[in-house]
Amino acid sequence: MYRDHFGFTEQPFALTPNPDFLFLSTHHQEGFAHLLYGIDTHAGFIELTGEVGTGKTTLIRTFLNQLDPATHRTALIFNPTLSSLGLLQGINREFGLPCASSERGELLEALNRFLLEESSAGRTVVLVIDEAQNLSVEVLEHIRLISNLETERDKLIQIVLVGQPELKRLLALEELRQLNQRITVRYHLEPMGCDDTREYIRHRIRVAGGGREPVAFTLGAVKKIYRFSKGLPRLINAVCDRALLLAYTRDSREITASMAAEAIIDVRQEEGRRFPIPRKTLHFLALAAAISIGVALFNRTDKEPPPPAVAGEATPAPTPAPQPPPLTGDAVRKSLAATAVGDNMLTAANALLGAWQAPAIDRAGRSDDIRTLAARRGFTATEIKGNLDDILHFDAPVMLQVELPDGTSRFLTLTAANNGSFTVVPAVAGKDSLSRGEIEAFWEGRAWMFWKNFHGIPLRTGREAGARE
C-alpha cells in the first residue's frame with residue numbers, strides 16, 4: 001500500500017527475494033573474522049555460540065561459502081543427534097568417503113587416509129557441527145579423538161562446534177575437560193546493537209528505494225524499536241513495516257518515536273498470532289539472523305478458521321474435492337527422464353536463479369555441470385545431503401538431485417511450500433506441486449543450493465582478528 005507512495009521498488013521490510021538486503025552486523029563481522037582466524041591458523045577446535053535467532057547457522061553458511069574449494073574441503077553436520085558411529089558415518093559421507101561400515105576402525109582409517117591426502121595437496125579440511133549443544137558427552141569425546149588425526153607439525157582437520165549457550169555449559173563438564181582445553185578460538189554471537197539496528201533499517205530503505213532514502217526513522221524511533229526488538233531482525237521488520245504504514249496514512253516522510261511506539265503496540269497485539277504460526281517461514285539465510293537478506297522463498301499459508309455456525313442452524317458437511325492418486329517414484333523419474341540432462345538442469349537452475357532475482361541463462365549457456373551454471377551468474381553451487389526436514393532447515397529454495405535407473409541424474413527445484421505441498425520446477429507428470437510423500441518416494445537425499453558473497457568478504461582477514469583478541 002505504501003510502496004508506490006514512497007517510491008520503493010519493493011517493500012523494504014517484507015520478506016522479498018532480494019539478496020541486496022544482506023546485512024552484516026558488527027558482531028557478525030567479528031564472528032566471521034574469528035572463524036577465518038581459527039581456520040587460517042589451524043587452531044584445531046573453534047567454538048561459536050549464541051542465543052536462538054542471533055544468526056549462527058546463517059553465519060556458518062556464509063563462512064563456508066567463502067572458503068575456496070581449491071584450497072579447502074568442507075563438511076557441515078546439521079543434525080547432530082546421532083550416536084558416535086552415526087556421526088562418523090555422517091562425516092565420511094559428507095566428504096564423499098566410504099561410510100557404510102559399522103566398524104569405527106574402518107571408518108576412521110578411511111577418514112585418516114583422506115585427511116593425509118588433502119594435507120599433502122595443501123588443502124585444509126574443515127568440519128562444522130551445528131546445534132552442537134545437542135551432542136552427548138560420548139559423541140563429543142569421540143569428536144576429540146577424531147581431532148587426534150594429525151601429523152608431527154599440524155592438525156589434519158579443523159572442527160567448528162556451533163551451538164546455543166548450553167554448549168558452553170556442556171563443554172565445562174569435568175569429563176569433557178580435555179576437549180574444552182583444546183578449544184583455542186571462541187566467540188559468542190550477540191544480537192545487533194542499537195547502532196547496527198539503525199544501519200540495518202537505513203540499509204533496507206536504501207535498497208528498496210533504489211539507493212535513495214525516501215523516508216527516515218528518527219533516532220528516537222530507532223531507540224524504541226531497538227528496545228522492543230532487542231536487535232532481532234524479525235521484530236525490527238515487523239515494527240518498521242507497521243510504522244511505514246502509519247507514515248503513509250499521515251502523509252509523513254519521517255517516522256517519529258511516537259509513531260514507532262504505536263507500531264510496537266500493534267505488533268505486540270499480533271505477535272502471539274503472527275509469528276509462532278509457521279514453524280519455519282522459509283526464507284533464505286534465516287530472517288531471524290542478523291545477517292538478514294529477506295528472501296521469502298518458501299511461504300507457508302495458514303487458512304483462516306471458518307466462521308462460527310449460527311445457533312440452531314445446521315451446518316452442512318463440506319464435500320471434499322476428489323484427490324488424484326499420488327505420483328509414484330517411478331512416474332516422477334519417467335517424467336524427468338523425458339528431458340535431456342542439459343535442458344532439465346537449465347530449467348531447474350533458472351528457477352533457483354529466479355528466486356534470487358538473477359537473470360535466467362539462455363540455451364546457449366546450457367551446461368551439464370551445476371557449478372558452471374551457478375558461476376555464470378556469480379553464484380556458488382553447494383551440495384548438501386540429508387532428509388527433507390534437514391533441507392528445509394536451511395530456509396532456502398533447493399535443487400533436488402534425482403537419480404535415474406540408467407545412472408544419470410535429473411533435477412527438480414523446490415520453490416515454495418504451502419500447507420504440506422511443495423511447488424516444483426519443472427512440472428512432473430503434469431503436476432507442479434508435490435506432497436512430502438511424493439517427494440520422499442523418489443528423492444534419495446542429495447540437493448544443491450546457490451550462495452553468493454554479496455559483501456565481497458575477504459578470506460585472509462583472520463590473522464588481524466586474532467591479533468586484536
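Computation of the quantities below employed the complete heavy-atom set of this structure, encompassing side-chain atoms and omitting hydrogens, waters and symmetry-equivalent molecules.
The shortest heavy-atom contact between H27 and Y187 is O-OH, 3.2 Å. Scanning all heavy atoms of the two residues, the minimum distance from F422 to I439 falls at CD1-CD1, 3.7 Å. Of all heavy-atom pairs between L400 and A447, the closest is CD2-CB, 4.1 Å. Shown here for Q133 and V162, the closest heavy-atom pair between the two residues is OE1-O, 4.3 Å. Nearest heavy atoms, I370 versus F411: CD1-CE2, 3.2 Å. Closest heavy-atom contact between A243 and M259: O-CE, 4.2 Å.
In this structure, N237 and R204 have side chains that are in contact, with non-hydrogen atoms separated by less than 4.5 Å. Considering only heavy atoms from C-beta on, F32 comes within 4.5 Å of L59 through its side chain. Two residues are said to be in side-chain contact when any heavy atoms from C-beta on lie closer than 4.5 Å; Y37 and I46 fail this criterion. In this structure, the side chains of D130 and I60 stay at 4.5 Å or more apart for every pair of heavy atoms. Q164 places a side-chain heavy atom less than 4.5 Å from the side chain of K56. Taking the side chain as every heavy atom from C-beta outward, F45 and V185 never approach each other to under 4.5 Å. Annotation: side chain of F379 is not in contact with side chain of L373 (no heavy-atom distance under 4.5 Å). At least one side-chain heavy atom of F442 sits less than 4.5 Å from a side-chain heavy atom of L434.
The backbone N or O of M345 lies less than 3.5 Å from no partner atom in the side chain of R410, so there is not a single donor-acceptor pair. A donor-acceptor pair under 3.5 Å is absent between the side-chain atoms of T413 and the main chain of T415, judged by distance alone. Of the possible donor and acceptor atoms, none in the side chain of Q158 sits under 3.5 Å from a partner among the backbone N and O of V125. Without hydrogens or angle criteria, R177 side chain to E174 main chain gives a donor-acceptor distance under 3.5 Å. Panel note: side chain N180, backbone A172; no donor-acceptor pair is recorded below 3.5 Å.
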(message) Walk me through whether R144 and R182 qualify under side chain to side chain contact (heavy atoms under 4.5 Å, CB included).
(response) CA-CA 9 Å; R144 183 184 68 82; R182 292 191 182 190; 3.4 Å; yes

(request) Dump the intermediate steps for side chain to side chain contact (heavy atoms under 4.5 Å, CB included) on I205 and Y200, then the final yes or no. (result) CA-CA 9 Å; I205 289 176; Y200 173 82; over 6 Å; no

(request) I would like to know whether V267 and F228 meet side chain to side chain contact (heavy atoms under 4.5 Å, CB included); could you show each step before the answer? (result) CA-CA 10 Å; V267 170; F228 167 70; 4.0 Å; yes

(request) Assess whether salt bridge (charged side-chain N to carboxylate O under 4.0 Å, His left out) is satisfied between K224 and E262, documenting all intermediate values. (result) CA-CA 10 Å; K224 285 187 176 295; E262 289 183 56; over 6 Å; no

(request) Applying side chain to side chain contact (heavy atoms under 4.5 Å, CB included), run through I143 and L135 and close with a yes or a no. (result) CA-CA 10 Å; I143 291 171; L135 293 170; 3.7 Å; yes

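Only one option out of R227, K230, R202, M192 pairs with T197 in a side chain to side chain contact (heavy atoms under 4.5 Å, CB included); it is M192. The residue from R186, H34, H188 that alone fulfils the side chain to side chain donor-acceptor pair (under 3.5 Å) condition with E47 is R186.
To the nearest 0.5 angstrom, M449 atom CE is 10.5 Å from N65 atom CG. Here the CG atom belonging to D241 is positioned 13.5 Å from the CD1 atom belonging to I236, to the nearest 0.5 angstrom. In this structure, L161 CG and I129 CD1 are separated by 5.5 Å, a value rounded to the nearest 0.5 Å. Interatomic distance, CG of L170 versus OG of S136, reported as 8.5 Å (0.5 Å rounding). Taken from CG in L127 to OG1 in T74, the straight-line distance is 9.5 Å, to the nearest 0.5 Å. How far OG of S421 is from CD of E438: 9.5 Å, rounded to the nearest 0.5 Å.
Inspection of the S258 and T256 side chains reveals an N or O donor paired with an N or O acceptor under 3.5 Å. If you check the side chains of D196 and Y226, you find no donor sitting under 3.5 Å from an acceptor. Using modelled atom types, one finds no donor on one side chain facing an acceptor on the other under 3.5 Å when comparing T124 with R73.
Residues satisfying the side-chain contact (heavy atoms from CB on, under 4.5 Å) test with E175, not counting sequence neighbours, are V137, L173.
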